[in-house]
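So the structure is just underneath, and the comments pick up after that.
Residue numbers start at 1 and run along the sequence shown.
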Amino acid sequence: MSGSLATLRFVPLNKSHIPEILAIEVVTHSAPWSSKSFENELDHKHGIFLVALVDGKIAGYGGTWVLIDEAHVTNVVVREDLRGLGIGRKLMHELLTRAREMGAVCATLEVRSSNKAAISLYDSLGFVQATLRKHYYPDNGEDAVVMMLDDLIHWPK
Ligand SMILES: CC(C)(COP(=O)(O)OP(=O)(O)OC[C@H]1O[C@@H](n2cnc3c(N)ncnc32)[C@H](O)[C@@H]1OP(=O)(O)O)[C@@H](O)C(=O)NCCC(=O)NCCS
């Protein structure tokens with residue numbers, strides 16, 4: 001895959017993406033999603049799950065559920081060799097814009113307190129820390145930072 005983002009596009013998750021996504025997922029998260037978790041996103045009535053393609057290959061993926069008027073971001077990943085190029089930011093823009101079109105007026109997410117890159121990304125998008133959930137992650141007992149973007153209607157400011 002070239003490093004060029006000229007071909008970057010976002011498509012809805014389909015079943016054929018899942019094996020490649022699982023390979024990325026296991027090297028990314030200490031508690032990776034299962035195949036079943038991704039399959040559940042395929043026909044999720046209140047969900048948006050997008051795959052970022054660069055040169056037709058999977059560069060990242062992410063999803064959000066729209067629960068009444070709140071977008072809850074469930075997963076956001078950029079392939080390790082393509083990080084720092086702006087794909088994560090574009091993916092979040094795409095997810096939040098589509099969530100707003102589905103009726104979301106605010107957005108929330110949880111992130112590991114040690115995940116400085118993700119916290120910095122969310123911070124730069126306008127999310128603020130709402131609360132801290134102590135020992136939230138069962139795999140290592142790490143705290144979760146709960147972040148909120150409270151005005152998606154007028155976002156980005
Ligand atoms: C978090 C993640 C999705 C960011 O994707 P990315 O494509 O590398 O991010 P971008 O290039 O769009 O960067 C956007 C912003 O994120 C922040 N950021 C990205 N990488 C960073 C790093 N290594 N250190 C600090 N901040 C970082 C910066 O604020 C950056 O803005 P800037 O370029 O103006 O400085 C990516 O690092 C990733 O996939 N991490 C592993 C999975 C993960 O932790 N997901 C989040 C779970 S809640």
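When all heavy atoms are compared, the tightest approach of C106 to D150 is CB-O, 3.9 Å. Annotation for L149 and G126: closest pair CD1-O, 3.4 Å, computed over non-hydrogen atoms. Nearest heavy-atom pair across L22 and S34 is CD2-C, 3.9 Å. Between L91 and V77, the shortest heavy-atom distance links the atoms CD2-O, 4.1 Å. Taking both residues in full, the closest heavy atoms of T74 and T64 are given as OG1-N, 3.9 Å, listed atom of the first, atom of the second, then distance. Scanning all heavy atoms of the two residues, the minimum distance from A59 to L82 falls at CB-CD1, 3.6 Å.
Under the 4.5 Å side-chain criterion, counting only non-hydrogen atoms from C-beta, R79 is not in contact with R83. Side-chain contact between V146 and R133 is present, with at least one heavy-atom pair separated by less than 4.5 Å. Between V145 and I119 there is a side-chain heavy-atom pair separated by less than 4.5 Å. Considering only heavy atoms from C-beta on, L95 comes within 4.5 Å of I48 through its side chain.
Note that CG of L121 and CE of M147 are 9.0 Å apart. Values are rounded to the nearest 0.5 Å. Atom CD1 of I24 and atom CD of E20 lie 5.5 Å apart (nearest 0.5 Å). We find the CE-CD1 distance between M92 and I87 to be 15.0 Å, quoted to the nearest 0.5 Å.
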Q: Give the intermediate values and the outcome of side chain to side chain contact (heavy atoms under 4.5 Å, CB included) for residues I21 and V51.
A: CA-CA 9 Å; I21 285 180; V51 176; 4.0 Å; yes
Q: Please step through salt bridge (Lys or Arg N to Asp or Glu O under 4.0 Å) for the pair R112 and D143, ending with a clear verdict.
A: CA-CA 6 Å; R112 288 175 190 260; D143 299 342; over 6 Å; no
Q: Apply side chain to side chain contact (heavy atoms under 4.5 Å, CB included) to N115 and Y122, showing your working.
A: CA-CA 11 Å; N115 194 343; Y122 303 140; over 6 Å; no
(Q) Is there a salt bridge (Lys or Arg N to Asp or Glu O under 4.0 Å) between D55 and K57? Walk through the geometry before answering. (A) CA-CA 6 Å; D55 297 341; K57 299 203 176 85; over 6 Å; no
(Q) For V11 and H17: C-alpha separation, side-chain torsions, deciding distance, then whether side chain to side chain contact (heavy atoms under 4.5 Å, CB included) applies. (A) CA-CA 10 Å; V11 298; H17 295 132; 3.9 Å; yes
Q. Do R98 and E94 pass the salt bridge (Lys or Arg N to Asp or Glu O under 4.0 Å) test, and can you show the C-alpha distance, the side-chain angles, and the key distance before you say yes or no?
A. CA-CA 6 Å; R98 294 188 191 205; E94 199 70 27; 3.0 Å; yes
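R100 places a side-chain N or O within donor-acceptor distance of the main-chain N or O of W155, the cut-off being under 3.5 Å. Checking side-chain atoms of H44 against main-chain N and O of H46 turns up a donor-acceptor pair under 3.5 Å. A donor-acceptor pair is defined here as one N or O able to donate and one able to accept, closer than 3.5 Å; such a pair exists between the side chain of E142 and the backbone of S114. Put simply, the side chain of S120 never gets that close to the backbone of K116: no donor and acceptor are under 3.5 Å apart. The backbone N or O of A144 sits nowhere less than 3.5 Å from a side-chain atom of S113 that would complete a donor-acceptor pair.
Ion pair K15/E39 not flagged as a salt bridge, since none of the NZ, NE, NH1 or NH2 atoms sits closer than 4.0 Å to an Asp/Glu carboxylate oxygen.
L67 and L152 fall into different hydrophobic clusters, where Ile, Leu, Val, Met, Phe, Trp and Tyr are joined by side-chain heavy atoms under 4.5 Å apart, directly or via other members. Transitive grouping of hydrophobic side chains (ILVMFWY, heavy atoms separated by less than 4.5 Å) keeps M102 and M148 in distinct clusters. In the hydrophobic clustering of ILVMFWY residues, with side-chain heavy atoms under 4.5 Å counting as a link, Y137 and V73 come out apart. Hydrophobic clustering (ILVMFWY, side-chain heavy atoms < 4.5 Å, transitive): I58 and L42 are in one cluster. There is a path of hydrophobic side-chain contacts, each under 4.5 Å, that joins V66 to L125.
Atom NZ of K45 has 12 or fewer neighbouring heavy atoms from other residues, nucleotides or ligands inside a 6.0 Å radius. Counting non-hydrogen atoms of neighbouring residues, nucleotides and ligands closer than 6.0 angstrom, the CD1 atom of I68 reaches no more than 12 such neighbours.
Aromatic ring pairs are classed by plane angle as parallel below 30°, tilted from 30° to 60° and perpendicular above 60°; the pair F38 and F49 is perpendicular. Taking the six-membered ring where the residue is Trp, W65 and H72 present tilted rings, their angle falling between 30° and 60°.
Side-chain atoms of E70 and T108 form a donor-acceptor pair, as typed in the model, at a separation below 3.5 Å. Donor-acceptor pairing under 3.5 Å is recorded for the side chains of E25 and Y61.
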